[in-house]
Amino acid sequence: MKLITAIIQEDQLDQVREALIEAEITRITVSRVSGHGRQVDEDIYRGKKVIPNLVPKIRLDIAVNDAFVDITVNTIIKSAKSPGGGKVGDGKIFITPLEECIRIRTEERGGQAI
Amino acid sequence: MKQNKKVILFTICLLVIVFANSAFALQGDGVDTGATAWMLTSTALVLLMIPGLAMFYGGLVRTKNVLGTMMHSFAAMGIMSVLWIICGYSMCFGPNVLGGWIGWNMQYLFLAGIDNSIMEAGIPEYVFSMFQGKFAIITPALIAGAFAERVRFKTYCIFIALWGLLVYNPLCHWVWASDGFLFNMGAKGAIDFAGGTVVHISAGVSGLVAAIYLGARRGYPSTAMPPSNLVITMIGAGLLWVGWFGFNAGSSISSGLSTAQALTATQVAAAAGALMWMIIEGIHQGKATALGFASGILAGLVAVTPAAGVVQPAGAMALGAIASFVCYQAIVVKNKLGYDDSLDAFGVHGVGGIVGAIMLSFFIRKSWMEDAVAISGGSWGVWHQLGVQAVAVSLAIAYDAIVTFILVFVLDKVVGFRSTAKEEMAGMDSSYHGEHGYGMLNPS
């Protein structure tokens, strides 16, 4: 089992979510996060350009069995990349080993609980 | 001691009378201070409806579009006010030109010629002009609900300016100017007391045409588009209800009996509409939603807008309830047909306005009908008036639809009306305004 954590652009969320559903990856957790990267965001405040300290991003957490890692990762890459070959700020994907997974309702453990 | 008190009281009374008399004497210029005071209040109340509408609409869109949507209303305050001063008032309330298509009076240009003008109703013409100007602001702002979340801000600004000049001003002239042809149709004219046809039907129909031409929002209807903040929607609905007293009761252009009649009809219709919506939704969905209640308020208010001057409270109650029922069905049908009127500008304002303008014929108070009979010199009944109402409404719908279609088509081809996919996904706040409405959602 693996835990796939993806940090993506806010405005790509709909597209990524739709692509994941299409690929039958439907069990996902989404949260709003902020962070530093190489991307700069720009707001305007009373005629002045403002660079916020932290850039808002979307974080996806998806726990999958090993067989589904590739399709999940490929789907995210394809749908989260900005049109025209991608740009700074499109995000990152982290894959970490997942020790255990438990479904609370049935107390099932391991791969079938995912 | 007692004697002293009496003397003091008497003196005060005397002073009050003297001052009151001198106050009246100061108004030898024909100003009815009572009517003027109420019209000033009404003007402010109608202006309050526009931030109210901004909140109502703003709460209903997604977080990334809240400022962009509120700016649709606020931009109308800027654009339409300036246009109104320059030529809007002249086009609406000047004498017929171009075969009655619009009015025109050079004196009204920049309102230059009404500096000292007091109207027959006893109010300064400035007040009347500003009061009417508020209607020209809210009408295009209402349209924005139909194509919310998917239009470019710059094109929207051009659109409402042209729409105001080519749709609102002619329509306003036909219905409300003393020589407008709908104002003079039939025995006592087509009834549109406070803007059922001029404001709500025209905004609703134009919104529908624009929404269908521009297409649905990306992902509609498969992706849910949850309201960003129903709390501000509820506050907005409350402000609209309050502001509507200016809208309807102010439309009597006086401060007297007809004002009171309109005010009562307004309150009753809004309440009946809200209750009706709650009951229908309770039966249909099993729960009474806050947004449903707010929608019912609006449906009731919209329906009573054309009728407020001619119906008694029982009639207003019926109109509010009927409008809620029909609007609810219209939204059910919309969901089946699949076109994307984002915030139901047509479903509530268009449909509610049509219901009000047509159905009011059945609830007209006796004295009005008797007047109409006397003027027509014989017979004038419900069915005659219904015919006049139907003709006025049909003409307005046809004119709105055709001119709006041309405007939207040309603007879309020349400057681009619809947002690009990228702009739409990023949201209007960031794409067109460089801001975020809900800054506190993310640590920054």
Side-chain angles (χ1 to χ4, degrees), chain A residues 6-26 28-37 39-61 75-76 78-91, chain B residues 60-72 74-75 78 148-154 157 215-229 338 340 342 416 418-444:
Chain A
I7 310 291
I8 61 165
Q9 299 269 30
E10 272 187 310
D11 46 17
Q12 298 292 101
L13 173 62
D14 280 349
Q15 207 161 312
V16 171
R17 207 175 52 81
E18 285 156 14
L20 284 171
I21 291 169
E22 189 117 315
E24 298 187 335
I25 311 291
T26 52
I28 65 173
T29 306
V30 179
S31 31
R32 290 179 165 274
V33 293
S34 298
H36 291 287
Q39 180 200 1
V40 281
D41 194 21
E42 231 175 41
D43 268 6
I44 304 170
Y45 182 83
R46 296 210 170 130
K48 198 169 70 179
K49 290 236 177 346
V50 179
I51 313 288
N53 300 324
L54 296 167
V55 179
K57 303 299 257 185
I58 294 290
R59 170 180 168 150
L60 299 167
D61 289 290
T75 308
I76 296 175
K78 225 189 294 167
S79 54
K81 194 184 278 192
S82 294
K87 61 175 196 195
V88 173
D90 279 351
Chain B
L60 284 176
V61 296
R62 289 167 289 173
T63 39
K64 59 185 177 185
N65 294 324
V66 61
L67 286 179
T69 303
M70 295 183 87
M71 274 297 280
H72 283 164
F74 277 83
E149 304 196 285
R150 60 181 184 282
V151 295
R152 303 177 65 188
F153 183 66
K154 192 172 78 180
C157 290
R217 286 167 289 178
R218 195 187 163 283
Y220 181 89
S222 55
T223 312
M225 303 192 176
S228 62
N229 190 341
D340 187 12
S342 323
R418 176 73 196 238
S419 306
T420 64
K422 183 78 188 164
E423 288 167 341
E424 200 181 330
M425 284 196 290
M428 297 196 293
D429 293 11
S430 136
S431 296
Y432 306 132
H433 306 288
E435 293 169 302
H436 293 89
Y438 293 95
M440 67 289 201
L441 283 179
N442 279 85
S444 60

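Convention: sequence-line order gives letters A, B, ...; per-chain numbering from 1. It should be emphasised that the depicted structure is a prediction, and the values quoted were computed from it without experimental measurement.
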### Message
Holding to ring-ring contact (aromatic ring centres under 6.0 Å, His included), I want the full list of residues that pass it with B:H436, two or more places apart in sequence or in another chain.
### Response
none
### Heavy-atom proximity to chain B below 4.5 Å, by part of A:Q9
neither
### Task
Below 4.5 Å from any heavy atom of chain B, which atoms of A:K49 appear? Answer side chain, backbone, both or neither.
neither
### Query
Looking only at heavy atoms, what is the nearest atom pair of A:T75 and A:A23, with distance?
OG1-CB, 3.8 Å
### Query
Can you say whether B:T63 sits under 4.5 Å from chain A via the side chain, the backbone, both, or neither, judging by heavy atoms?
side chain
#### Entry: From B:N65 atom CG to B:M225 atom CE, the distance as rounded to the nearest 0.5 Å
9.5 Å
### Query
A:A80 and A:D90: which non-hydrogen atoms are nearest, and at how many Å?
O-CG, 3.9 Å
